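Being a predicted model, the structure only gives us computed values, none of them experimental.
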Amino acid sequence: MKQMHADLVKLGYDGSYARVAAFARSWRADRHRVEQTAGRGTYVPLVFQPGEAFQFDWSEDWANVGGERVKLQVAHIKLSHSRAFLVRAYPLQTHEMLFDAHWHAFRVFGGVPGRGIYDNMKTAVDRVGKGKQRDINARFNAMASHYVFEPEFCNPAAGWEKGQVEKNVQDARNRMWQVMPVFKDMDELNHWLEDRCIALWAETPHRDLPGTITDAWEAEKSLLMALPPAFDGFVEHSKRVSPTCLITFERNRYSVPASFANQRVSLHVYPERLVIVAEGQTVCSHERIIDRSHRKPGRVIYDWRHYLAVIQRKPGALRNGAPFAEMPDAFRQLQSHMLRKEGGDREMVDILSLVLHHDEDAVLAAVELALEAGVPTKTHILNLLHRLVDGKQGNLPEIDPPDALSLETAPEANVDRYDDLRQDGEKRHAS
């Protein structure tokens, strides 16, 4: 109050209550702003022991993948002592991507540090409390418990608490993203990033220790905790299968075996695949399609095998069934032959159903052999399949018998002798 009164005197205070109240509000706001910014731009240098901690952060960058310029979510993981780092690219910042990034980082580092330092990202923290109080996401906590490290979260707006990985984001843009080639897919991109990171370890001197980052990492590696098996980092969703045997995820639809139509199934989402689970068993899996463009319609991903139970009851559906456009070429060629004759739908269904009981490659090979021989029939395909399954040779070599086994008198096709067995007035049989 004394300081405020002195300020009022300097300003020529005239005793007006309104002016005093307005000045008091302004004075308190200015003092608060000074106190809040007094320490801004300064920080305390941090020192970490070998194997003590790692730091994690996300960034956004661009790369040419599959002929398109794609916006990527990039995970940065850095050991706090040796400063060995890994950069890995993903299409999204979701739980399954986060878990995958941790596994690959620990794999490359050769072990797990004791602590992980994060900001308050939504995939890790459900609610930020006072001070260091955090409501940690249950799935994230399960991952941390699996690898046996302690997660630690920075104070809001305190990026200096994980300043190493924040700097790594800027360094990576200069040393990797600006010199990046074109990639055919995400796997090739991440292989390149991993190799490039390891090469930079050997090229970059450590700021506080003698030698390079590689030298410091070699010394730290033995002090990391042993690497356990990969955490099963899926995200689970409950889905209802439609009457057309499809489930919907991220604007795309994926087929499920017909026996689960109109039922509830569990969808396990991984970064690169989707796994459908029901009744405690894995039902099927699909490659995950991620398309961030909302201008394109969603895709439908069929597995024609999922609809075999339907066409066994309704063979006519085979003729124009959308899932069966995805069959191998040999099956489609056979179908074009089969559907020309009466009852061909049923025969084609019977042949396709063989994949439920035999190896699909063997069935496909039998169909290809039948097409080559010009005998695309169910009976011939079954005969060829049994030969392949039993290991019998289908194309036997030509035999050249010796002269001693040659016949001197060739047999004649004479059926007149059967007429001798038929005598009038007597009941005789050929047997």
inquiry  = Nearest 0.5 angstrom please: Lys239 NZ to Tyr254 OH, how far?
reply    = 10.5 Å
request  = State, to 0.1 Å, how close Val265 and Ala278 come at their nearest heavy-atom pair, and which atoms those are.
outcome  = CG1-CB, 4.0 Å
message = With heavy-atom distances below 4.5 Å as the criterion, would you say the side chains of His81 and Leu209 are in contact?
response = yes
task = Please determine, by modelled atom types, if Ser353 and Asp350 share a side-chain donor-acceptor pair under 3.5 angstrom.
result = no
ask   = Roughly how far, to the nearest 0.5 Å, is the OG1 atom of Thr123 from the CE atom of Met97?
value = 12.0 Å
query = Can you name the ring-ring contact (aromatic ring centres under 6.0 Å, His included) partners of Trp304, sequence neighbours left out?
reply = Phe331
remark   = OG (Ser238) and CZ (Arg264) are apart, to the nearest 0.5 Å, by 4.0 Å
query = So, Arg88 and His104: side-chain donor and acceptor under 3.5 Å apart, yes or no?
reply = yes
request  = Answer yes or no: is there a side-chain heavy-atom contact under 4.5 Å between Leu352 and Val355?
outcome  = no
inquiry  = Please find the pair of heavy atoms, one from Ala202 and one from Thr214, that lie closest to each other, and give the distance.
reply    = N-OG1, 3.0 Å
task = Say whether Arg253 and Thr244, considering side chains only, have a donor N or O and an acceptor N or O under 3.5 Å apart.
result = no
query = Just checking, is any N or O donor in the side chain of Arg134 or Asn120 under 3.5 Å from an acceptor N or O on the other one?
reply = yes
inquiry  = Can you confirm whether Leu193 sits close enough to Leu86 that some side-chain heavy atom of one is under 4.5 Å from a side-chain heavy atom of the other?
reply    = no
Phe106 vs Pro113 side-chain heavy atoms within contact, under 4.5 Å = yes
request  = Quick one: sort the Phe140 and His102 rings into parallel, tilted or perpendicular, breaks at 30° and 60°.
outcome  = perpendicular
query = Is any side-chain heavy atom of Met186 closer than 4.5 Å to a side-chain heavy atom of Pro91?
reply = yes
request  = May I ask you to check if Arg319 and Phe324 form a cation-pi contact, with NZ or CZ under 6.0 angstrom from the six-membered ring centre and within 45° of the axis?
outcome  = no
key: Residues, nucleotides or ligands: over 12 heavy atoms within 6.0 Å of Lys122 NZ   = no
note = When rounded to the nearest 0.5 Å, the distance separating OG of Ser285 from CD of Glu272 is 12.5 Å
message = Any donor-acceptor pair under 3.5 Å linking the side-chain atoms of Tyr307 with those of Arg305?
response = no
message = So that I can tick it off, tell me whether Arg115 and Glu152 are bridged by a salt bridge, with the cut-off set at under 4.0 angstrom between side-chain N and carboxylate O.
response = yes
ask   = Going by distance alone, is a donor N or O of one side chain under 3.5 Å from an acceptor N or O of the other, for Ser255 and His306?
value = yes
Note, Tyr118 side chain near Asp57 side chain (heavy atom, < 4.5 Å) = no
inquiry  = Is it the case that the side chains of Asp61 and Ser59 hold a donor-acceptor pair, with the cut-off being a distance below 3.5 Å and no angle test?
reply    = yes
task = Given salt bridge (Lys or Arg N to Asp or Glu O under 4.0 Å), test Asp291 with Arg251 step by step and report yes or no.
result = CA-CA 9 Å; Asp291 189 353; Arg251 298 175 58 246; 5.7 Å; no
Short N-O contact, Glu96 and Arg288, less than 4.0 angstrom = yes
inquiry  = Could you check whether atom CG of Asp185 has more than 12 heavy atoms from other residues, nucleotides or ligands sitting under 6.0 Å from it?
reply    = yes
ask   = Does a side chain donor of either Thr377 or Thr379 reach within less than 3.5 Å of an acceptor in the other side chain?
value = no
query = With a cut-off of 6.0 Å (strictly less than), are more than 12 heavy atoms of other residues, nucleotides or ligands near CZ of Arg107?
reply = yes
query = Is a donor on one side and an acceptor on the other found under 3.5 Å between the side chain of Trp58 and the backbone of Gln73?
reply = no
message = Between His268 and Asp232, is the side chain to side chain donor-acceptor pair (under 3.5 Å) condition met? List the steps.
response = CA-CA 10 Å; His268 292 184; Asp232 193 8; 5.7 Å; no
ask   = Which pairs with one or both residues in residues 219-231 pass salt bridge (Lys or Arg N to Asp or Glu O under 4.0 Å), sequence neighbours excluded?
value = Glu218-Lys221
ask   = For His146, which residues count as a side-chain hydrogen bond (donor to acceptor under 3.5 Å, both in side chains) partner, sequence neighbours excluded?
value = none
